[in-house]
Amino acid sequence: MSTQHTAPTAPTAQATAAATRIQQHRSYLMCRPEHFVVSYTINPWMEPAKPTDTAKALAQWQVLHDTYVALGHDVHLIDPIPGLPDMVYTANGGFVIDGLAYGAKFRFAERAPEGPAFMEWFRDNGFEVAEPVEVNEGEGDFLLVGDTILAGTGFRSTGDSHRELGEVFGKEVVSLTLTDPRFYHLDTAISVLDPVEGPGGVERANIAYLPAAFDARSRGILAERFPDAILVADSDGAVFGLNSASDGLNVLISPRATGFEAQLRERGYHPVLVDLSELLLGGGGIKCCTLELRRGQEENR
Ligand SMILES: CN(C)C(=N)NCCC[C@H](N)C(=O)O
């Protein structure tokens with residue numbers, strides 16, 4: 001992996017000047033890891049020979065859940081289905097903007113039945129649904145930043161799904177290519193930090209990212225679009241530091257991402273440390289266990 005782009009940079013004057021952070025209310029979908037186990041390998045983190053501890057996964061997940069609730073966010077739950085151990089990673093279950101849910105179509109057969117299960121939940125809970133034709137893994141690969149969707153490809157979601165995504169939501173979609181198999185979903189390499197919308201419309205939209213996870217074209221796009229982004233070091237990326245959830249002020253991150261924690265503090269964010277080491281055995285972290293439910297303009301404020 002190239003080290004050229006991985007050194008944390010000092011924030012520009014513009015970035016530090018904008019250090020008053022605004023917390024926004026969030027609504028999330030989560031799934032209790034009742035059936036969590038690593039019984040197959042579909043990413044480099046998964047080693048079925050290593051024992052997993054479902055009780056520990058449940059306890060760590062509960063801390064994440066309770067942290068969201070304590071911060072004032074709404075958490076909805078989808079029932080876990082026996083035999084679908086990866087269902088805990090709800091970020092992959094779809095992508096939701098303004099009450100419209102674009103469904104997931106999973107790359108691997110092991111997760112395929114999750115697609116219809118999430119679609120059923122969306123329908124039963126008042127969301128409009130758009131059935132996917134193309135292979136895509138939901139918010140694992142699609143991130144809303146301001147009014148633009150950053151979309152990852154290279155390992156899971158296809159380029160064709162990026163086109164479909166643009167047609168479904170009528171928004172600009174920026175395709176980014178991931179190149180390191182450890183960072184196989186976009187939410188392992190980019191964290192969206194700032195509020196998407198405020199009373200005056202789109203306010204600030206900043207991100208943190210791991211440059212080494214992308215090809216040169218994608219690094220160029222990110223550098224041009226996000227000159228004030230936090231560039232995260234390889235060591236923080238390697239512990240899934242970027243797989244985090246921000247409400248604009250509080251940023252839930254892995255306690256192992258100590259460099260990223262310091263960078264967030266410098267910029268005026270409030271890092272909240274949540275350890276999901278057991279769920280990392282399945283190749284997922286905080287963001288993976290969290291699907292944002294954007295019901296409409298009102299609820300985003
Ligand atoms: C941050 N990531 C990677 C996610 N958005 N989801 C985790 C999915 C883990 C699952 N075993 C898989 O390989 O699909």
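Numbering of ligands and ligand atoms starts at 1, following listing order. Heavy atoms only: backbone and side chains are in, while hydrogens, waters and symmetry mates are out. Not measured: the values here are computed from a predicted model.
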Which atoms of ligand 1 are found less than 4.0 Å from any heavy atom of Asn92? 4 (C), 5 (N), 6 (N), 7 (C), 8 (C)
Assess the side chains of Ser161 and Asn136: does a donor N or O sit below 3.5 Å from an acceptor N or O? no
Please say whether His185 places an N or O atom under 3.5 Å from an N or O atom belonging to ligand 1. yes
Heavy atom under 4.0 Å from ligand 1: found in Arg156's side chain, backbone, both, or neither? side chain
Considering residues, nucleotides and ligands other than Asp79, do more than 12 of their heavy atoms fall under 6.0 Å from its CG? no
Decide whether Tyr102 and Glu164 meet the rule of one side-chain donor and one side-chain acceptor closer than 3.5 Å. yes
To which protein heavy atom is atom 10 (C) of ligand 1 closest, and what is the distance rounded to 0.1 Å? Asp86 OD2, 3.3 Å
Answer yes if Met30 and Val272 sit in the same cluster of Ile, Leu, Val, Met, Phe, Trp and Tyr residues linked by side chain heavy atoms under 4.5 Å apart, and no otherwise. yes
Could you work out, for atom 7 (C) of ligand 1, the closest of Cys288, Ala189, Gly152, Gly93 by heavy-atom distance? Cys288
Please lay out, stage by stage, how Asn125 and His76 fare under the test side chain to side chain donor-acceptor pair (under 3.5 Å). CA-CA 10 Å; Asn125 287 273; His76 301 264; 5.5 Å; no
Parallel, tilted or perpendicular, as decided by the 30° and 60° cut-offs, for the rings of Tyr28 and Tyr68: tilted
Do Tyr89 and ligand 1 have an N or O pair less than 3.5 Å apart? no
Check the pair Lys287, Ser191 against side chain to side chain contact (heavy atoms under 4.5 Å, CB included), reporting the backbone distance first and the verdict last. CA-CA 9 Å; Lys287 178 67 194 74; Ser191 172; over 6 Å; no
Test: Glu292 and Arg26 ion pair at under 4.0 Å: yes
Report, in ascending order of atom number, the atoms of ligand 1 lying under 4.0 Å from any heavy atom of Asp187. 1 (C), 2 (N), 4 (C), 5 (N)
Atom indices of ligand 1 within 4.0 angstrom of Tyr184 heavy atoms, with elements: 3 (C), 7 (C), 8 (C), 9 (C), 12 (C), 13 (O)
Which residue and non-hydrogen atom of the protein lie closest to atom 13 (O) of ligand 1, and at what distance in Å? Asn43 ND2, 2.7 Å
Close-contact set for ligand 1 against Met46 heavy atoms, below 4.0 Å: 11 (N)
Please identify which atoms of ligand 1 are closer than 4.0 Å to at least one heavy atom of Thr188. 1 (C), 3 (C)
Give the contacting part of Glu139 toward ligand 1: side chain, backbone, both or neither, where contact means a heavy-atom distance below 4.0 Å. neither
Correct closest heavy-atom pair for Phe240 and Gly283 would be CE2-O, 3.3 Å
Taking the six-membered ring of Tyr269 (Phe, Tyr or Trp), confirm whether the NZ or CZ of Arg21 is under 6.0 Å from its centre and within 45° of its axis. yes
Mode of Trp45 contact toward ligand 1 - side chain, backbone, both, neither (heavy atoms, under 4.0 Å): neither
For Gly140, take its heavy atoms, then give the atoms of ligand 1 lying under 4.0 Å from any of them. 5 (N)
Which atoms of ligand 1 are found less than 4.0 Å from any heavy atom of Gly282? 9 (C), 10 (C), 11 (N)
